2 protein chains.
Amino acid sequence: MSTDPPGFELPLRLLLGFRVLIDGLHAELARQGHPDVRPAHGFVLQAVGHGTTAVELGRRLGVTKQAAAKHVDALERLGYLRRAADAADARRKLIRLTDRGVDCLARSARIFDELRSGWAATLGEDRLQALEADLRTMTPTTPFGLDFPGWFGGARSDG
Amino acid sequence: MSTDPPGFELPLRLLLGFRVLIDGLHAELARQGHPDVRPAHGFVLQAVGHGTTAVELGRRLGVTKQAAAKHVDALERLGYLRRAADAADARRKLIRLTDRGVDCLARSARIFDELRSGWAATLGEDRLQALEADLRTMTPTTPFGLDFPGWFGGARSDG
DNA sequence: ACATATTCGACAACCAGGTTCACTATCTCG
DNA sequence: CGAGATAGTGAACCTGGTTGTCGAATATGT
């Protein structure tokens, strides 16, 4: 039986909601001096955190190490990341945030909090917390930064 | 973490929620005889509805007519769509669902309803309706099938 | 009625982000 | 020591999107 809203509505609204927040983030980020950072970059910077390697980064992002390396290339070119040799293991190259990368990440966190506050102001904090709780219930427990599936299609592997 | 979740959590969970549903849809769709239909295809079939043109399809999907035409090419090759000349206007080619396309669309609708029922069973129908209502509140009113923004990337703005 | 403008579909080139395959350099361990 | 795993890189390719261009067909204005 078709429930009141067609089942189609739910996934669509989830996607729209995501886009609203991401678009809001990048509009504001651009305004605050980071015009050339793109949606995927934020996730990458977040996943880099306090230093990692390309393989580990790929694992965290749920993509191949090659895909991760491409992002690192781009972000290094933009001045958000730096590669450095690992003294303990000559195979590895440590990826670390530059000052600009840290700044971008800090601003992103603040902007996300502000956007969330906007939602709370409209929906009410309790409704928003219920929404978050329900989404946590229905989605895999993948605290960001550790093994979570690629954002979209894709079925990583490689090794 | 219990209260005051980082603002980052919200967009992530929205995206995860979307993916859970889409992955569920396509897993079940594959089981029901449509193994080669991919995420974007469902949106295209939905947007085609009872016949349209490439330009109109692009407008509905929020992409260029060329991008829309590529999807039509793929879905025509897979046997879900058919192009036919428009008797009234020799420039146009009418895009229409084949029987297989209609079947796929009908199954998708049923599966989406079932997935939604699963959510309702876990969260409770009232909580789910609240979630849907809140998402409707926070997202642009773009009833599917008419002018809605691309699912992801969005505007070019260099790279 | 006819010149001009617009629209439709197609083709080509390109970009972003992902994949697999392949390869070298470097550990690690039995 | 040597076999095997692991880190990074490069190349070829796929998908899905973008411009830009173009010819054919239809609309439109004088």
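Scope of the values below: all heavy atoms of this structure, side chains included, with no hydrogens, waters or symmetry mates. Below, read A as the first sequence line, B as the second, and so on, with proteins coming before strands; counting in each chain starts at 1. Note that the coordinates shown come from a computational prediction; the quantities given were computed from them, not determined experimentally.
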Exercise. OP1, OP2 of D:dT6 versus side-chain N and O of A:Lys65: anything below 4.0 Å?
Worked result: no

For this session: Name the closest nucleotide to the B:Ala90 side chain, picking from C:dC27, D:dT26, D:dG16.
Result: D:dT26

Exercise. NE2 of B:His41 versus P of D:dG16: gap in Å, rounded?
Worked result: 5 Å

Exercise. So which nucleotide from C:dC8, C:dG18, D:dT26 ends up closest to the side chain of B:Val55?
Worked result: C:dC8

For this session: Applying salt bridge (Lys or Arg N to Asp or Glu O under 4.0 Å), run through A:Arg83 and A:Glu76 and close with a yes or a no.
Result: CA-CA 8 Å; A:Arg83 279 184 173 104; A:Glu76 192 175 31; 2.8 Å; yes

For this session: Rounded to the nearest angstrom, tell me the gap between atom CZ in A:Arg59 and atom C1' in D:dA7.
Result: 15 Å

Problem set entry | Distance test, side-chain N/O of A:Arg83 to OP1/OP2 of D:dA7, below 4.0 Å | no

For this session: Could you please name the option among D:dG17, C:dG18, C:dG9 that lies closest to any side-chain atom of A:Lys70?
Result: C:dG18

For this session: Round to the nearest Å and state the distance from A:Arg91 atom CZ to D:dG4 atom P.
Result: 16 Å

For this session: Examine the base of D:dG16 for any acceptor or donor lying under 3.5 Å from a partner atom in the side chain of B:Gln66, and report the outcome as yes or no.
Result: no

Exercise. Any side-chain N or O of B:Lys93 under 4.0 Å from OP1/OP2 of C:dA10?
Worked result: yes

Exercise. Counting just side-chain N and O atoms, does A:His71 come under 4.0 Å of either OP1 or OP2 of C:dG18?
Worked result: yes

For this session: Looking only at side-chain atoms of A:Ala54, point me to the closest of C:dA25, C:dT6, D:dG8.
Result: D:dG8

Exercise. Does A:Thr64 make a side-chain N or O approach to OP1 or OP2 of C:dT19 shorter than 4.0 Å?
Worked result: yes

